[in-house]
There are 2 protein chains.
Amino acid sequence: MNSVQYAVPMPRETLTREQIVQAAVTLLDEAGIDGLSMRKLGQRLGSAATAMYWHVGSKENLVSLACDRVWSEVGAHDPAELGWREAARRHARDTYETLRGHTWVIAATGAYFVYGHGMARVQDASYAIYEAAGFTGWDLDWAVNAASTFAGGAALSDASLDPVKQRGDTAAMREALAEAGEIAASYPRLRARLEQQAGVDEAVFVEEKFDFGLEIILDGLEARLRAR
Amino acid sequence: MNSVQYAVPMPRETLTREQIVQAAVTLLDEAGIDGLSMRKLGQRLGSAATAMYWHVGSKENLVSLACDRVWSEVGAHDPAELGWREAARRHARDTYETLRGHTWVIAATGAYFVYGHGMARVQDASYAIYEAAGFTGWDLDWAVNAASTFAGGAALSDASLDPVKQRGDTAAMREALAEAGEIAASYPRLRARLEQQAGVDEAVFVEEKFDFGLEIILDGLEARLRAR
DNA sequence: ACCTGAACACCGTTCAAGT
DNA sequence: ACCTGAACACCGTTCAAGT
């Protein structure tokens, strides 16, 4: 009579670390770094908020895992096949695009300790590219750093607009934006540039801006190689 | 008999917006972005946490004001006096050093909308420098962007170690660091570089790394100017 | 092995009330 | 004009207890 002691666990599969991290990424993409809470995440997964602790240990670790999952999206670009400069170009663009799709990674990186295989693999790939270019020793570190710092900085620029996009419809936010515009307009050079930029397609603008900086850096690195 | 209706306000000066922002910067420097709370701040200032709302409106606005106070620390570097390249160099270094002293600005920039006169002044100064170099139109925007994106990216790199430094003494943190080391060591190129870098003075390392990247960018920009 | 619920010590913010 | 205290709706995390 009590052969079935409790609900059979058949249709209700057990929670997975992978599943939790995936849900966290989705929630972060939708609601930003402040939009993630263990309770909201639990609600989405249909379980208690505290169930997650068994799988991921802490919120910090969960965010770190989520970041690493994003880093894993960055593709591989073989310098032997493409030539180092083209591989470097694609690697940097790919990194930037990936971070742009998950801007909360920037805020997370500043607030939590983030490191994992995804990020390490991207770093290693970067070293492979600049090694193929001919850099060795400290110059190799510097070259890798110049390119990836620029990509990270570009992502930071984008991330700074994220809080606006996240709640752009509130009155307080519109007011803050208007105030920022007024401040910028009170500096002659900024006003002139804003007038020039008005009405330009932002997507194209951002793309060209990134490509210009990237080519500048690749030019500079190539000049260093020749100077040897 | 009731001529003194309540405590005379003589020695107890009134709270000031300036005072609150200053205390917030100090607290943020000490405890990082997660270390700031309205209650802790109120405690430091000897008043109720809710007293701050009258002066700064919200935590978001307070953080924005704190960031702008940091931006105000960046100095002015006159291209007419120093030459554009030296002015650009000092401007970028100054920006980087300032952000390095207040790494929470990076996390704050990703989580809140941050803009103010301090930041606008730094941008305007940057435009002045690259205008003096001879850049005009969109190239001027791109040149300003290349340099400041690199400085921001370098600050982001530093900020990523901030969570570790903030609570480096905990067992969980040491474990996380050791795990990160193990991960990196499993990639051949990263392991080789880590072995090379072991025992090098980190301060010098960081400085040289930044200078290399900066000169690369300035080289690249100068080449563009010549190509016209 | 995996999950729940209650509990704890925190948060940001609002608002009526005080001086 | 400026500040307090209580209150509200949230947090992350621990832990005993359940299945």
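Residue numbers start from 1 in every chain, and the chains themselves are labelled A, B, ... in the order their sequence lines are given, proteins ahead of strands.
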What is the separation between atom CZ on A:Arg17 and atom P on C:dC2, rounded to the nearest whole Å? 12 Å
Can you say whether the rings of B:His117 and A:Tyr187 are parallel (under 30°), tilted (30 to 60°) or perpendicular (over 60°)? tilted
Go through residues 50-69 of chain B and report each residue with a non-hydrogen atom lying under 4.0 Å from DNA chain D, sorted by number. B:Thr50, B:Ala51, B:Trp54, B:His55
Are the charged groups of B:Glu207 and B:Arg93 less than 4.0 angstrom apart, N to O? no
Is atom CD of B:Gln197 surrounded by more than 12 heavy atoms (other residues, nucleotides or ligands) closer than 6.0 Å? yes
Can you tell me which stems DNA chain D forms, taking runs of 3 or more consecutive Watson-Crick or G-U pairs with both distances under 3.5 Å? C:4-8 with D:12-16, C:12-16 with D:4-8
For A:Phe210 together with A:Phe150, are the ring centres under 6.0 Å from each other? yes
For atom CG of B:Leu45 and atom C1' of D:dT4, their distance in whole Å: 15 Å
Could you tell me whether A:Leu36 contacts a base, only the sugar-phosphate backbone, or nothing, with contacts defined as non-hydrogen atoms closer than 4.0 Å? sugar-phosphate
Is B:Ser37 close enough to C:dC11 that one of its side-chain N or O atoms is under 4.0 Å from OP1 or OP2 there? yes
Rounded to whole Å, how long is the line connecting atom CD1 of B:Ile33 with atom P of C:dG12? 11 Å
Relative to each other, are the rings of A:Trp142 and B:Phe212 parallel, tilted or perpendicular (30° and 60° limits)? tilted
Does one side chain, of B:Thr26 or B:Glu30, offer a donor that lies under 3.5 Å from an acceptor on the other? no
Do B:Gln123 and A:Arg189 have side-chain atoms, one donor and one acceptor, less than 3.5 Å apart? no
Atom CE of A:Met38 and atom C1' of C:dC8 are separated, to the nearest Å, by 17 Å
With no hydrogens and no angle check, do the side chains of A:Glu73 and A:His102 hold a donor and an acceptor under 3.5 Å apart? yes
Nearest whole Å is fine: how far is C:dC3 P from A:Leu15 CG? 5 Å
Between atom CG in A:Asp34 and atom P in D:dC10, what is the gap in whole Å? 15 Å
Judged by each residue's nearest nucleotide on DNA chain C, which is more toward the 5′ side, A:Ala48 or A:Arg39? A:Ala48
Would you tell me whether B:Asp141 and B:Tyr127 have side-chain atoms, one donor and one acceptor, within less than 3.5 Å of each other? yes
